[in-house]
Structure formats: C-alpha cells, structure tokens
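Positions are given from 1 along the sequence. These numbers were taken from a predicted model, which means no experiment stands behind them. In each ligand, atom 1 is the first atom listed, and ligand 1 is the first ligand listed.
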Amino acid sequence: MNEYDSELVAGLLEKEDYQRTEQAEEAQLILLNTCSVREHAEDKVHARLNNLKVMKKRNADVKIGVLGCMAQNLKEDLLKSKPFVDIILGPDSYRKLPDLLAQPVESIENIVDTKLSRMEVYDDLFPARREGINAWISIMRGCDKFCTFCIVPFTRGRERSRSIESILEEVQRVRDDGFKEVTLLGQNVNSFLHDGHRFPELLQEVAKIEGIERIRYTSPHPQDFDDDLIAIHVQNPKVCNHIHFPLQAGSDSVLARMNRTYTKQHFVDLAHRMREQIPGLSISTDMIVGFPGETEADFQETIAVMNQVKFDTAFTFKYSPRPGTKAADFEDSVPEDMKQKRLEQMIRLQKEHTLYRNRALIGNTLEVLVEKDSKKSEKQHQGRTRSNKIVIFDKAGEQPGDFVNVEIVDAQGITLFGRIVA
Ligand code: SF4
C-alpha cells in the first residue's frame, strides 16, 4: 500500500512539474512515506531522518517531509524530536502537498495535516509507476476490523471503496502502459463495497480487460472470504491461484483476544475448500507468536493448524505492542525468550511445509512471467508462477514481461529452479 501511495504522490508532483532524481543530494524535496505497523519500520524511519538532518545542515533549502502512518500516529513526537522536518502529512492528506509546497513555511500549522477522511480514495489521481511487470492498484482504503494488535484503523481511518469505473479506468491505463499483471490493494481488500458492488464482481470486471493476464489481490480478511470469491478463482484463470490468507493465530482464545472475528475451524474449513476447488492453489499467511496471554497450549494449537493447512509460505512475527492499540494494555505478556523459542519452532515448521509444497511441483511445467535477472547470475532469469512461486531458469532470449513455460527441476527454500520448455 505504501509503494502505491508513494507512486500516487509522485504522480501528483509530476503534474506540478516536479522531476524525480535518483540522487538524494540533488533533491530539493525529500519525502519519506512511512509505516507504523511494526516498531522496526518506525526505527528505520527515525534512522533515515537522522541522516537527512545532516543533509539539511549542508543545504537548508531542501524540504523534508514525512508522509503516511507515522506522520499520522507520531506527529507530536516528530515535531518535537525532528524539528528540521518541514512537512507532516497523514495518508488522507496527500492532495494538500502541491499547495503546501507553493507556500512559504511560516508556522507549524502550515505544514502539518493529519486529518483522516471518510471519503478520500484518490479516485481521480493516477500514480506515476516505475516498474513494468506488476501494477499495484488501490481499490479501498482504511479498516473497520480493529484487531487489537493493529494500529492501521487509527492511522488509516474507516473503510471506503473506490468506484468500479475509476478502478477499471486505472487498469486500462496500466494495460496501455504495458503491464501484464495487476495487484488490487486494500487493508481489507475483500470487504470492497461500492454502490452495492462487492469484491467478486469487481474481480469479474477487471478480468474482462484484455491484455491483463494476471490478477492478484492483497490482503483479504478471512471473515469476508466466502464461496463466491472461491468461485471467481475457479471460473476465471486470470485471477491467480495464490491467496494470501492471514491466520495470525490458531487458538480460538487468542483469536478472540486479537478480535479477529473468526474461529480456527472457520479458517481451516475455508482453506480446505479453497485447496479442493482451485487447481494448483498456493496459500500464504501471516502469523504472530507471543500475543499477550498465549499459553504453550495455545501455541501448540497454532502449530496444529499449520500442520493441517500446510501453508506454502508464512510471514512470521514476534508480537510487539504498538502504543495506542488495545492489546498494548493487555497483561500476561509472554517473556521475550519464550517468544523467540516459539518463533524459531514456527519458522522451522514452515520451512518444512514450504519445501513439501514446492517439491510436489518438481516435474510439473508451469507458466512463468519473466520479471528480472536472477540475483545470483545475469545468465538466469527470475520469474513468477501464477501461484506466486519464484522460479529461476537459464535465459534463452526472452525479455521481462514475457510468458514462458518452465519445467520445475528442483526446489530449495522458497525458490523453484527450472528449464524452459517449448
Ligand atoms: S484487518 Fe486487522 S490486521 Fe488487518 S489492517 Fe485491519 S485491524 Fe489491522
């Protein structure tokens, strides 16, 4: 979402005749688009701002801005601890940027705007995109779920969706710019609702656009996932056979304290129905260990769900309290060494499952979209299957953006290795 928002802001500034530079030293304006979802992300921004302070000392004319969730969440702290920051704008205030830049900065009120909106979806603004394979397209903003560990509802405000017409216009634009793949984005992407039109309908309409070959979306919430959405995957192969399906925890009591609004059985049943019905489906997930009050028995329940679903990949995190969230006030915190032990056990198990899923693909021929050179050798390409698996294979004259059929010959970690077949 932040990548998309950065492209949106770049688009807004390009309309005002700003030009992008690759060298920070050449810039007259430097904007950091920030994330508050984990402490680590915030620490990185603080470190980056400390570097920019040095730059500002050398060149007092450079304007420095903080955008996004940290601007929303930590504006008081930023104003106090980083007085050299000129502009602080929350995620619903980007439209103000050109006007602010045109004004002399006279007072703090001139440069801070973090008002959240119930309407803003940037329907009429189009991002300035750089990379030519996958285009991110925001379809809804905000979140009404209020998971107790998450700061997003406070930094990004209430759920609101774009119109289908404006989304389709943007998809057509990116198709005309040569993109083959789109990823529809939202904090709760499958709770999309505009004028009575739901998410499965939107997917159906996007799939009608010729030239767009792959459609992905992230992140859905299990509570809003239903059989209509599974059916869209089955009926329309353009809607990729990969679903990011965030479990977070596999114990009902932890799920209830997290306010995730589903039970583990609901989750497992849905995952089984998805796998039964969608050919070659891969499922990725997000997991949190060490949520306040998580007992060893709770953790073992989570492990049991992982063993049942056998996710293809998982993003695993140790819980860390985010100030301002409900869970930050919960007691019974899990000791740090216990969190670490559980995290390591979870990672070991997930590695086994990833290998199990990926080895099952050896001998299959899969359609791969060529993305870029492989990190290890310029003689090899890196591409992606519809099921979102990374594949490395020798080059044979194809270009990024081409589709090739690749026979999978090996699997190591999260990566598949293959050779092009006719
Ligand atoms: S669904 Fe929960 S985790 Fe996801 S953005 Fe909303 S509050 Fe945060």
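- Considering Phe317, Phe149, Phe291 in turn, Phe149 is the only one that fulfils the side-chain contact (heavy atoms from CB on, under 4.5 Å) rule with Gln248.
- For ligand 1 and Phe146, the ligand atoms under 4.0 Å from any heavy atom of the residue are 7 (S).
- For the ligand labelled ligand 1, residue Arg260 lies inside the 4.0 Å heavy-atom shell.
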(request) Could you walk me through whether Phe417 and Phe393 pass the ring pair (Phe, Tyr, Trp, His ring centres under 6.0 Å) test, one step at a time? (result) CA-CA 6 Å; Phe417 297 85; Phe393 53 96; over 10 Å; no

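- Of all atoms in ligand 1, listed by their number and element, those nearer than 4.0 Å to a heavy atom of His221 are 1 (S).
- When non-hydrogen atoms are compared, ligand 1 lies under 4.0 Å from the side chain of Pro153 (C-beta onward) but not from its backbone.
- Ranking the protein heavy atoms by distance from atom 7 (S) of ligand 1 puts Cys147 N, 3.3 Å first.
- Taking CD1 of Ile151 as the reference point, atom CZ of Arg38 lies at 13.5 Å (rounded to 0.5 Å).
- The nearest N, O or S atom of Cys150 is closer to atom 8 (Fe) of ligand 1 than 2.8 Å.
- For atom 4 (Fe) of ligand 1, the closest non-hydrogen atom on the protein side is Gln187 O, 4.2 Å.
- Under 4.0 Å from ligand 1, the heavy atoms of Cys143 that appear belong solely to its side chain.
- A cation-pi contact, defined as under 6.0 Å to the ring centre and within 45° of the axis, is absent between Lys339 and Tyr319.
- Ion pair Arg198/Asp224 not flagged as a salt bridge, since none of the NZ, NE, NH1 or NH2 atoms sits closer than 4.0 Å to an Asp/Glu carboxylate oxygen.
- When Phe267, Tyr262, Phe245 are each tested for a ring pair (Phe, Tyr, Trp, His ring centres under 6.0 Å) with Phe225, only one passes: Phe245.
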